[in-house]
Every structure is written in structure tokens, then in C-alpha cells.
Trainee: 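Here it is, the structure in full.
Everything numeric in this text was worked out from a predicted model, so none of it was measured. Just so we're on the same page: letters track the sequence lines, and every chain starts at 1.
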Amino acid sequence: MKKWLGIGLTAAAFAAALLAPWLAPHDPLAADFVQGLRPPGTPGHPLGTDQLGRDLLARVLYGARLALFIGACTVLITAGVGGLLGLVAGFVERWPSTVLMRIADVQLSFPFILLAMTINAIVGLGLRNIILSLSAAGWVVYARVVRGEVLSVKQRDYVQAAAALGTGRARLLFRHVLPNVAPSIIVVASLQFSSFIVAEAAISFLGFGIQPPTPAWGSMLSESRDFLYFAWWLAAFPGAALALTALGVNLLGDWLRDTLDPKLRV
Amino acid sequence: MRAYVLSRLGQTALVVFLSLTAVFAMVRLSGDPVLLFMPMDIQAKDVNEFRQRLGFNDPLPVQYGRFLAGAVRGDFGESLRYKQDALGLVLERLPATLLLAGASLLLTVGIALPLGVLSAVRRNSLLDHVATVMTVLGQATPGFWLGLMLIFVFSVKLRWLPTGGTGSLAHLAMPAVVLAAFFAARIARLTRSAVLDALGEDYVLTARAKGLGEGRVVGKHTLRNSAIPIVTLAGLEAGQLLGGAVITETIFAWPGLGRLTVQALLNRDFPVVLAAVFLVSVMYTLINLLVDLLYGWLDPRVRLR
């Protein structure tokens, strides 16, 4: 149940993102003032239109594109950087890894969303910067989890045996340790994926992320606040899309954890 | 014990120092706040004078030294926008945020703990299934969307509650629920699994074998032993609660620390940003120290060193 709901919702979100140009009935940026603020069910606009007469269905579909792209990029960067740092920090227990973990502690002592938002406010807005700020705020979780796993994996007999046979350190790390921490990396990635998507939407909602007129769920919700009294659909649909995507990815992550690595606590 | 508290306080100072340094570096390397505060038709001479007055013309290390010397005394300078002491401004907004956070903490504990315990004790009952669905939904629903939907239902349609602002219990209701929702979902889930873990232990079996009533078995023998993971998560989440307050306060125009920080970031009012960062990191590390001290009280086997 959990598995199929998770896979179904996630697949639907990815399908919406990939097929947006073919599924969308209109251009998400094309304004048509005559058709402004039409409710759902209007002919030609199944989910209605916004204040500029732009088709809401098209904007929600293209929003999926943006959300999943940002989530995927951020997960890849954080898994790469945080995973590698955690791998090395767990394997080489000298002062650099102590320093690294201290930095991780300091960073974790600050609310994630506030940190990413502050970075955006300072270095600037836009697609590239939001991916960078989310990555900068998110790598610590990987570094921590992976380091912890490596500390235990490297004590196992097969690693000790390989070391005794004279296997080089790089080979030991990448051939013997990495494959055994990979499940944790995958599980953390799937659980982080949804929190990155929600965080991006929150940051765009507050005005520090993707800017209008680009159809991002967060900035659409932010714009919808001015029309809440007479156009509920502008707030309902982008938010529902966001919540369902997050729900799907969360369920998928839970299921992956139960299957791959039941003891992992994130 | 005393040495432990002292060393932890030292660590707190280090964390605060490093966060301030990081934010200071980012702020100073990113551009010129002065130009943003000047009218369009300003003369170069006036810009320079203003910059001189605020000390932006000095070399960076001098500015950094002056900033640290001020920070130690709680002086982060004057807000560029409100012309008021930055830390004073931030402290003025703190009670509103604490009221909001306290109310949602109360809601969380009042709802999530009993729900988690009940669904563990009555595992696989209807209540357990309903609770599981609710917690999964609660964790996936973004707070700002929940907020908008609540405003639509309770303010726009039913006209029961005000859309924003502060002053009465009616003003507090929606922001507190929105802030509590995500938090409560996580705590309820964790409580359920922690209680399930404890229920499988031998001492529970012993307690049952000697004929204790189920109320005492759960209330006295299980709860206390499942408290540690719950308290740990609550401490970790307290920091994220401060982050969540940023969004909730913005939606409901709640005049707290979070809304002030968002406005200060939008206005590039950096003294206020730095003062807010200072306060948030101090509070967060202190909350975690408190959590660690709680361990020793909950479980005498834990010795703090």
C-alpha cells in the first residue's frame, strides 16, 4: 500500500514534469486578460485561470518540472559532496574529519530553511542560486549519516581482510566500503528529496527563490494570497500538487528504508 | 556535572561565534547595502559620507574586529531601516515568537503524545490506522499551504477567525495549529515507535507477570523508558520550529522574530539580520543543552561528562 502509493504519486509527478509541454493545454506564460480569474471547469481551462488569464493547469504542470529539477540537482550535489566528505571523514579518523564534523554540528545548530534563505538573500535569487543555497544547507545530513555508517562498516571482517591482503586505501574505500554504505546514501537521498522540494517552495513563497512569472509552486502560492477571497483555486491546486509530490516521495523513501536499511535513523 | 555544563556553555559560545562570522563574511562579500538605502538622485559625495559614518570604508579586518567587539557587548549597530538598536528590535519581537512557539509546543505535546502512546498500545486498531494516515499527511503537507487553506476556510468562508495580526486567542489559533502540524506528526510517529520498542522489553513482561494493571505498565514502566528518543527529537525540532516560525509568521502577519528576519533580509537590513542570527543560535544551543541535562534526570544510567 505504502509502496504502491509512493511509487504511483512519484511516477505521476515525474510524468507531469517530463510531459508538461505535451500535457499542458496552453503556454504557462501566455496572458489573456479577457479570461482572467476563471474558475475550474471553464472550457479550455480545466483548473481555471489566474489574474492574468494564464492557464493554471499549464502552470502547475510546468511547476512540477521546476520543483523536481531543483530537487534532483540538489540531491545529486549534496549526495556527492556530503557523501564523499562523510566517506573520507569516517575512513580517515584524523583532525580534518574532527574539524569537518564540528562544522557540521555548527551548521545543524541553525534552522535549515533560515540558513538557505539567508544565503539566497545575500548571494542573490534565481534558479542556480537556490540550488546552491539548498545544497550548502543540506550536505551535512549526508556527511553525518555516511560517516557513521563508514565507522561501523570499516570494522567488518571483509574490510579488515582486504586490508590485510594489502589492498590500497583508495580501492578499499571505493570497492569495499562504498558499496556497503550505498543503501544508506540512497535512503537519505530519497528522504531529503521531498524536504528539498518543500524547502524550495517555502523559499520561493517568501520571495527569496524563483521569481514570478516563472511558474514555481512556491511563488504561485505567494501570488495567490492576494486573490484568496475570490479565487481559491489559485492557492488550492499548486499547493495540492506540492503536498502530493512530497507525500509520494516520502512514502517511497519510507519504503526504501524499510527494505534496504531498516535500522537507519535519519 | 558542573564541568560538563561549563564545557557545553563554552561550545555554545563557539557555535555562536562561528555562525556570526559566517553570516558577517557572506554579508560583506556580497555587495553594498549602502547604495540600496540611498535615493536615486544621490551625489557620490553623500554616499561616501554615509559610508564613512557607518564604517564601511575601513578595511575588512577592522570592520570584523569592530563587529566582534560590538557583538560581545550585544551591540550589533543600528537598524538601517528603523534607526533603532538592532538587538533591542529583535528582543522586542521575541515574546510574540515565544508565545507562538509555546502554544504550538503545548498543542504538540497535548495531541501527539497521547496519540502516539494510544496507537502503540492499541497497535493495528482503527485508531492506529487513522493516526498513521494523519501523521503521514501531516508530515507531507507544507505549512504555508496549510496556512492558506485554513485562512480560506475559517476566515474567508466561515468568518470565524481573523486572517492575521495579534491580540487575542482567536488570532493565535491558526498560526499555532499550522506551526504545530508538522512537528506533531513527527513526534506522534516517534512516540509510537519508541513506546512499541519499550513494550517489548523484559521489564514490561515482568511488570505484567506480577499482575500490574495495564495503566501502570504503560504509565510507569513504559513511558519513562521511551522518553529519551522523544525528548531528543523534540530538542532537535525546536530549532526547526524557529525556522517554521519564519514562514508561519509571514503568512499570518504575526509580529514576531521570524517576520522581522524576513523583512530585514528583504531590506538588506544587516544589523538586524546579524542580531537575529545571534539570538537564534544562542537559543537553539541552549535548548539542546537543556535536553542533554534532561537525559540525566529521565534516565539515571546516563552520566554526563
Side-chain angles (χ1 to χ4, degrees), chain A residues 2 5-6 9 102-103 105-124 136 194-195 197-199 201-208 217-218 221-222 224-225 228-232 234-236 238-251 254 265, chain B residues 11-12 14-19 22-23 26-31 132 136-137 139-149 151-153 155-157 163 182 190 229 236 238-247 250-251 258 261-262 264-268 270 273 276-277 280-281 284-285 288:
Chain A
K2 199 162 154 186
L5 195 57
L9 285 173
R102 277 289 116 153
I103 294 176
D105 286 348
V106 170
Q107 191 170 324
L108 279 176
S109 75
F110 209 74
F112 172 80
I113 200 104
L114 203 56
L115 179 65
M117 197 176 82
T118 309
I119 296 175
N120 269 109
I122 293 169
V123 299
S194 72
S195 60
I197 290 176
V198 174
I203 292 169
S204 295
F205 179 80
L206 292 172
F208 297 96
W217 291 336
L221 283 172
S222 171
S224 81
R225 275 193 292 178
L228 207 51
Y229 276 85
F230 28 84
W232 55 270
L234 292 181
L242 174 63
L244 287 174
T245 308
L247 177 67
V249 179
N250 264 347
L251 288 174
D254 272 359
R265 287 239 161 117
Chain B
Q11 276 180 28
T12 302
L14 186 71
V15 166
V16 172
F17 164 76
L18 287 176
S19 348
V23 177
M26 284 196 294
V27 167
R28 281 297 179 274
L29 297 177
S30 70
T132 306
V136 170
L137 284 180
Q139 275 190 294
T141 309
F144 51 100
W145 185 52
L146 182 64
L148 287 179
M149 292 292 105
I151 291 180
F152 178 72
V153 173
S155 304
V156 176
K157 284 287 153 196
T163 57
F182 177 80
L190 187 82
L236 282 174
Q240 305 305 327
L241 200 68
L242 293 172
V246 170
I247 297 161
T250 307
I251 302 171
T261 312
V262 171
L265 280 169
L266 283 172
N267 298 325
R268 301 179 78 78
F270 290 119
V273 172
V277 165
V280 168
S281 46
Y284 185 64
T285 43
N288 275 304

Trainee: Considering non-hydrogen atoms only, spot the tightest contact between Q139(B) and N250(A) and give its length.
Mentor: O-ND2, 4.2 Å
Trainee: Write down the atom of V262(B), the atom of F208(A), and the distance for their closest heavy-atom approach.
Mentor: O-CZ, 3.7 Å
Trainee: With a 4.5 angstrom heavy-atom cut-off, could you sort out which part of T245(A) is near chain B: side chain, backbone, both or neither?
Mentor: neither
Trainee: Which atoms of V16(B) come close to chain A, meaning under 4.5 Å heavy atom to heavy atom: side chain ones, backbone ones, both, or neither?
Mentor: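 Contact with chain A is absent: no heavy atom of V16(B) under 4.5 Å.
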Trainee: Pick whichever of V277(B), I251(B), T163(B), L14(B) has the most heavy-atom pairs under 4.5 Å with chain A.
Mentor: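 Sorted descending by pairs with chain A, the first entry is V277(B).
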Trainee: What part of L146(B) lies closer than 4.5 angstrom to a heavy atom of chain A: side chain, backbone, both or neither?
Mentor: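 Interface part for L146(B): neither.
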Trainee: Need one label for L251(A): side chain, backbone, both or neither, based on atoms under 4.5 Å from any heavy atom in chain B.
Mentor: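 For L251(A), the contact with chain B is made by the side chain alone.
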Trainee: Which of the residues L137(B), L18(B), L266(B), T250(B) is involved in the greatest number of heavy-atom pairs with chain A at under 4.5 angstrom?
Mentor: L266(B)
Trainee: Locate the shortest heavy-atom distance separating P142(B) from V198(A); write the atom from each residue and the value.
Mentor: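 So the two residues come closest at CB-CG1, 4.0 Å.
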Trainee: With only heavy atoms counted, which part of D254(A) is less than 4.5 Å from chain B, the side chain, the backbone, both or neither?
Mentor: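 Interface part for D254(A): side chain.
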Trainee: What residue, out of I151(B), V246(B), T141(B), T261(B), has the most heavy-atom pairs lying under 4.5 Å from chain A?
Mentor: V246(B)
Trainee: Among G248(A), S224(A), A240(A), G218(A), which has the most heavy-atom pairs under 4.5 Å with chain B?
Mentor: A240(A)
Trainee: List the atom of W217(A), the atom of A241(A), and the distance in Å for their closest heavy-atom pair.
Mentor: CZ2-CB, 3.7 Å
Trainee: So, the side chain of Q107(A) versus the backbone of A136(A): is there a donor-acceptor pair under 3.5 Å, distance only?
Mentor: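 Yes.
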Trainee: Locate the shortest heavy-atom distance separating W145(B) from A235(A); write the atom from each residue and the value.
Mentor: NE1-O, 2.9 Å
Trainee: Quick one: pull up CG in L5(A) and CG in L247(A) and give me the separation to the nearest 0.5 Å.
Mentor: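 Going from CG on L5(A) over to CG on L247(A), the span is 6.0 Å.
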Trainee: List the atom of L244(A), the atom of L9(A), and the distance in Å for their closest heavy-atom pair.
Mentor: O-CD1, 3.8 Å
Trainee: Is F112(A) in contact with chain B via its backbone, its side chain, both, or neither, using a 4.5 Å heavy-atom distance?
Mentor: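 Looking at F112(A), backbone and side chain both touch chain B.
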Trainee: Side chain, backbone, both or neither: which part of S194(A) has a non-hydrogen atom closer than 4.5 Å to chain B?
Mentor: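 Neither part.
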